[in-house]
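Numbering starts at 1 and runs along the sequence shown.
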Amino acid sequence: MSLKNQGGFVCKLQFVYWDANGNKQRTGGSGDIDLGQSDTEDPGAYGVPDGAPVSIYVDVVWGDDNEGSQMFTYSKGSSCTANYAISGTTLDNSLGLTGMSGC
């Protein structure tokens, strides 16, 4: 998954997934992504198991976090990337899927 930061804040790209027991898990992810910067991360590098339902989670530093509404099935080694952008302010931000690439 890829995240472009178009907001007036610093954020981190993370993931949420559902484990084999149906429990929602949140993983770590990227370092700080500053305004105007992008980062692409592989959910599997942060513990998301192959075949698990996964979504993007954006940790907004000093603000309200945001979670993608789209679910994907993680497939290790896939070249597909879900591209997202986040904009707004720390307490009023918007996260949206901007497209898919590499599929």
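Here the options are D32, D59, D34, the test is salt bridge (charged side-chain N to carboxylate O under 4.0 Å, His left out), and the partner is K12; only D32 passes. When each of V48, V16, T27 is tested with V54 by the rule side-chain contact (heavy atoms from CB on, under 4.5 Å), just one qualifies, namely V48.
With rounding to the nearest 0.5 angstrom, the CZ atom of F15 is 12.0 Å from the CZ atom of R26.
Formation of a donor-acceptor pair under 3.5 Å by the N93 side chain with backbone atoms of D64 is found in this model. Put simply, the side chain of S55 gets close to the backbone of G68: a donor and an acceptor are under 3.5 Å apart. In terms of modelled atom types and a separation under 3.5 Å, the side chain of D39 and the main chain of S30 share no donor-acceptor contact. A donor-acceptor pair under 3.5 Å is formed between the side chain of D65 and the backbone N or O of V60. A donor-acceptor pair under 3.5 Å is formed between the side chain of D50 and the backbone N or O of K76.
Considering all non-hydrogen atoms of both residues, G63 and L91 come closest at CA-CD2, 4.1 Å. Of all the heavy atoms in L35 and G7, the pair that sits closest is CD1-O, 2.7 Å. Across all their heavy atoms, C103 and T81 have their closest contact at SG-N, 4.5 Å. Of all the heavy atoms in M1 and Y84, the pair that sits closest is SD-CE1, 4.4 Å. The two residues M100 and A82 make their nearest non-hydrogen contact at SD-CA, 3.6 Å. Here the closest non-hydrogen pair linking N83 and S2 is OD1-CB, 3.3 Å.
The hydrophobic cluster containing L97 does not contain Y57, counting ILVMFWY residues as joined when their side-chain heavy atoms lie under 4.5 angstrom apart, directly or transitively.
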Item to complete: List the steps and the verdict of side chain to side chain contact (heavy atoms under 4.5 Å, CB included) for I56 and E67.
Response: CA-CA 6 Å; I56 192 170; E67 185 175 330; over 6 Å; no
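Residues F9 and I86 form a side-chain contact, since some pair of their non-hydrogen atoms from C-beta on lies under 4.5 Å apart. Using a 4.5 Å heavy-atom threshold, the side chains of Y74 and Y17 count as separate. The shortest distance between side-chain heavy atoms of L95 and L3 falls below 4.5 Å.
N23 CG: more than 12 foreign heavy atoms inside a 6.0 Å radius.
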